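Quick caveat: nothing in here was measured; it's all calculated off a predicted structure. Residue numbering restarts at 1 for every chain, and letters A, B, ... go by the order of the sequence lines.
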Number of protein chains: 4
Amino acid sequence: MPRLKEEQLQRIYEERKRQLTSAAVKVFAQRGLPGTKISMITAEAGVSHGLFYHYFKTKEELFISLVREAVETSLKEIDDLIRLAGSPIDKIRILTEGMLDASGAPYFMLLHRARNFEEVPEEVSRLIREHPMDIYVKRLLPLFEEGQQRGEIADGDPEELIAGYLTVLSGVMVLGNGYSTPRTEWLLRFVEKR
Amino acid sequence: MPRLKEEQLQRIYEERKRQLTSAAVKVFAQRGLPGTKISMITAEAGVSHGLFYHYFKTKEELFISLVREAVETSLKEIDDLIRLAGSPIDKIRILTEGMLDASGAPYFMLLHRARNFEEVPEEVSRLIREHPMDIYVKRLLPLFEEGQQRGEIADGDPEELIAGYLTVLSGVMVLGNGYSTPRTEWLLRFVEKR
Amino acid sequence: MPRLKEEQLQRIYEERKRQLTSAAVKVFAQRGLPGTKISMITAEAGVSHGLFYHYFKTKEELFISLVREAVETSLKEIDDLIRLAGSPIDKIRILTEGMLDASGAPYFMLLHRARNFEEVPEEVSRLIREHPMDIYVKRLLPLFEEGQQRGEIADGDPEELIAGYLTVLSGVMVLGNGYSTPRTEWLLRFVEKR
Amino acid sequence: MPRLKEEQLQRIYEERKRQLTSAAVKVFAQRGLPGTKISMITAEAGVSHGLFYHYFKTKEELFISLVREAVETSLKEIDDLIRLAGSPIDKIRILTEGMLDASGAPYFMLLHRARNFEEVPEEVSRLIREHPMDIYVKRLLPLFEEGQQRGEIADGDPEELIAGYLTVLSGVMVLGNGYSTPRTEWLLRFVEKR
DNA sequence: CATGAATGAGACTTCATTCAT
DNA sequence: CATGAATGAAGTCTCATTCAT
């Protein structure tokens, strides 16, 4: 019986933590670290502000852990992409659509804010320094090289091509609302062999 | 004698105000409204924090006036561009280089932050609402249409093309450091007829 | 259980608010709006300065609400007085004693400060403009007229008599300490028929 | 020649100082020490705020010297009054009219503020302590006693009578605008023998 | 676990005072 | 002497964080 109750508590705990975390991602992505007040996160999650401190030590600590999670998730998604079946250009199309898909945007915005914007805790700077864009370029290199060999992908230095394309995709994603996101087919013109 | 003194005071006033303004643009662009502390601006300008209030009423008021200035400047630059001599594709090349030129970046970041990010004063929201991306598209429309007629610019809905290209350029510019900015010629692939 | 807790919170809230309000009346009455620092009010109430802002939006807002309350209370007290049993001169004696009674002084001082002194928020000016002394005179008019008919009250324009007496009483009350407050019977000489 | 210039400077100096002093009396009387900003005084005097410090060391120092002056002036005026020709009741009538005369009000308000209101510098408290109302009562005592002997003035303890009457007059004067000041003849009812 | 009252560090803003011109 | 730019102490206000219930 106590076992059952404990498990239930555990479940409530996890559920609440998830609730708060996803509220936090949303608000941090939109407002940044200094623009986010604890009360915004708890209001978004529909709980009292005091509850925040049952689950996280400080605002900064939460921000750091979210950035860490975003870094890990983004790397994993690249790896998953590469392991898919299909031609290189198809995979790049999937990558493009995936990045433009608004659902992943908040995590991406977090990374963007951590990388370029505002004051971030030292721990975040370190995380970002340890995961430069270069890492993503390197992981995508085999894919693009194969595409070039197949004649699907434009010629030229593949690393420069990848870096440029990731920059464009990241930029488009970061802009978000207020700008009109180009269609995938148009964006692919950057990498397709003419 | 008093005339001379008056002029000198005037000069000091203008100079200090310019000093503070450009410090503010820099810091606001980097940190956003809530991430910018008055002390950051005055430290950047090398004056005491109290002096800020001889030149501006509040932090918000300054932010608003800077956004207004950025809106006006950006419109003027588009108009200047169109009036240049040269073929459409040359003008678009100049536009591209101009937007990637880091010197204008702070003003651009301000606009970006005002458009998408954080809490902004109502006055700023209004300014942005009154100047949607659409305005820029409309002004560039004749240029792109001429380019399409000449066969320099890719076919398709020119408004969609312009909006997409502006989004790409804006995105690249907003990312700034931490990403590798693509070369102008590569970016032009988006609009060039193959 | 939650019901009980809610009630308790409610009670704490009301109690604290009352505590702060009465501290504020006291300090505002003594020092005026610009002479009152938030820290004086919170020190008087025995709480931290931050707590002030859980209960009131700003110092000015509190001042305004206190003045409004003082206006309403003073009108109500005049009405209560008139409804008492007794001869006109008896009621005027009660009015006199009531005004000299130190316990009501703080509220009265607030009104006095709002009426004549210092910079007050526009809202306060409006309140005062809408409640000129005249209102009090009009309400007391039937009482004084009856007194004149009975031969208890001095002859002459009753409105002028009332206004003059209210001025005298207000003045004496406003002076407060440092002056010797005259006895009620002596003050009544102003209105008694000889 | 240098002598002349020096004299002229001296004259300018005195004139400016007078200008500032009378502006200060006016503003201090209306707003009190904490409610008065240096800029209000200099604006009232029509000079730059920096000039204030050519003539006075600090705001407090000026306030102190004005209170001192007000104390001395008020004592002198009582003495002058007593030395006038005429019957006691006539002199009391002149005293009454003099106190109600708005021109002297600012100095009087200063005394009132020093006596009862707000935080004042220790030097001011000392001045006030050394000049309690009692001093004025004592100086007027012969006048009232003579009036009682002549049957012009109401019977009873003359010191109490004087203190009461001064309190009433002071109160009426302090109220100033917003209240209707009673006519002299009505106020005299407090002291006249019926 | 959940709530919101309470605290205090820190940011914003005002203004007395100083000082170069 | 006169001005207004400049400084910094002090007050207003916000909000992250703690804690009693």
Side-chain angles (χ1 to χ4, degrees), chain A residues 8-10 12-13 15-17 34 36-42 47-62, chain B residues 1-2 4-6 8-13 15-17 34-42 46-60, chain C residues 1-2 4-6 8-13 15-17 34 36-42 46-61, chain D residues 8-10 12-13 15-17 34 36-42 47-62:
Chain A
Q8 197 174 352
L9 282 179
Q10 185 64 19
I12 290 178
Y13 180 89
E15 168 59 10
R16 275 272 186 270
K17 184 155 186 170
T36 296
K37 301 171 200 359
I38 297 294
S39 61
M40 292 173 175
I41 296 174
T42 51
V47 298
S48 73
H49 69 268
L51 197 57
F52 183 91
Y53 294 91
H54 282 268
Y55 296 94
F56 310 104
K57 251 209 318 275
T58 67
K59 187 171 83 156
E60 290 212 337
E61 193 227 45
L62 173 56
Chain B
M1 197 72 91
L4 208 72
K5 205 169 162 190
E6 212 173 283
Q8 195 174 354
L9 282 176
Q10 184 67 15
R11 236 178 308 123
I12 289 178
Y13 182 90
E15 167 60 11
R16 273 277 181 273
K17 186 152 188 171
T36 296
K37 315 296 169 208
I38 297 291
S39 61
M40 292 172 179
I41 296 174
T42 51
V47 298
S48 74
H49 72 270
L51 196 58
F52 182 90
Y53 295 92
H54 279 266
Y55 295 93
F56 310 105
K57 261 215 297 284
T58 66
K59 189 173 80 156
E60 287 212 339
Chain C
M1 198 72 92
L4 208 72
K5 205 171 162 188
E6 211 173 284
Q8 194 174 354
L9 282 175
Q10 185 66 15
R11 236 180 308 123
I12 289 178
Y13 182 89
E15 166 61 9
R16 273 278 182 272
K17 187 153 185 169
T36 296
K37 314 298 169 207
I38 297 291
S39 60
M40 292 172 178
I41 296 174
T42 51
V47 298
S48 73
H49 71 269
L51 196 58
F52 182 90
Y53 296 93
H54 279 266
Y55 295 92
F56 311 104
K57 260 215 299 287
T58 66
K59 189 173 78 157
E60 288 213 339
E61 195 228 41
Chain D
Q8 197 174 351
L9 283 179
Q10 185 63 19
I12 290 176
Y13 181 90
E15 168 59 12
R16 275 272 186 272
K17 185 155 186 171
T36 296
K37 301 169 199 3
I38 296 293
S39 61
M40 291 173 175
I41 297 174
T42 51
V47 298
S48 73
H49 69 268
L51 196 58
F52 182 91
Y53 294 91
H54 283 267
Y55 296 94
F56 311 104
K57 253 210 318 275
T58 69
K59 187 171 84 157
E60 290 212 337
E61 192 227 45
L62 173 56

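- What you find for A:Pro34 and B:Gly35 is that their closest heavy atoms are CG-CA, 3.6 Å.
- To the nearest angstrom, C1' of E:dC19 lies 12 Å from CD1 of B:Ile12.
- In this structure, B:Leu9 atom CG and E:dA20 atom C1' are separated by 10 Å, rounded to whole Å.
- With distances taken from any side-chain atom of C:Ser48 to the nucleotides E:dA6, F:dA5, F:dC1, the minimum falls on E:dA6.
- Taking atom NZ on A:Lys17 and atom P on E:dA2, their separation rounds to 13 Å, with Å as the unit.
- B:Thr42 OG1 to B:Lys37 NZ: the interatomic distance, rounded to the nearest 0.5 Å, is 13.0 Å.
- Comparing the local axis fitted to the first five base pairs of the helix from E:dA2-F:dT21 to E:dT21-F:dA2 with the one fitted to its last five gives a bend of 0°, rounded to 10°.
- Taking only side-chain nitrogens and oxygens, C:Arg16 comes nearer than 4.0 Å to OP1 or OP2 of E:dA6.
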Report all side-chain donor-acceptor pairs from residues 49-58 of chain A shorter than 3.5 Å, counting only partners two or more places apart or in another chain.
residue: A:Thr58; atom: OG1; partner: A:Glu60; partner atom: N; Å: 3.4
residue: A:Thr58; atom: OG1; partner: A:Glu61; partner atom: N; Å: 3.0

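- Atom CD1 in A:Ile41 sits roughly 13 Å away from atom C1' in F:dC15 (whole-Å rounding).
- In this entry the distance linking CZ of C:Phe56 with C1' of E:dA6 reads 15 Å, nearest Å.
- Straight-line distance from the CE atom of A:Met40 to the P atom of F:dT14: 13 Å, rounded to whole Å.
- At a threshold of 4.0 angstrom between heavy atoms, the contacts of B:Tyr55 are confined to the sugar-phosphate backbone, with no base atom among them.
- Rounding to whole angstrom units, CD of residue B:Gln8 and P of F:dA5 are separated by 12 Å.
- The CZ atom of C:Arg11 sits 16 Å away from the C1' atom of E:dT3 (whole-angstrom rounding).
- Looking at C:Lys59, its side chain does come within 3.5 Å of a backbone N or O of C:Thr36 through a donor-acceptor pair.
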Polar atoms only, N or O, under 3.5 Å: list the protein pairs with nucleotides 13-17 of chain E and their distances.
residue: E:dT13; atom: OP2; partner: B:Tyr53; partner atom: OH; Å: 2.8
residue: E:dT13; atom: OP2; partner: B:Lys59; partner atom: N; Å: 3.4
residue: E:dT13; atom: O4; partner: B:His49; partner atom: NE2; Å: 3.4
residue: E:dC15; atom: OP1; partner: D:Lys37; partner atom: NZ; Å: 3.2
residue: E:dA16; atom: OP2; partner: D:Ile38; partner atom: N; Å: 2.9
residue: E:dT17; atom: OP2; partner: D:Tyr53; partner atom: OH; Å: 3.0
residue: E:dT17; atom: OP2; partner: D:Lys59; partner atom: N; Å: 3.0

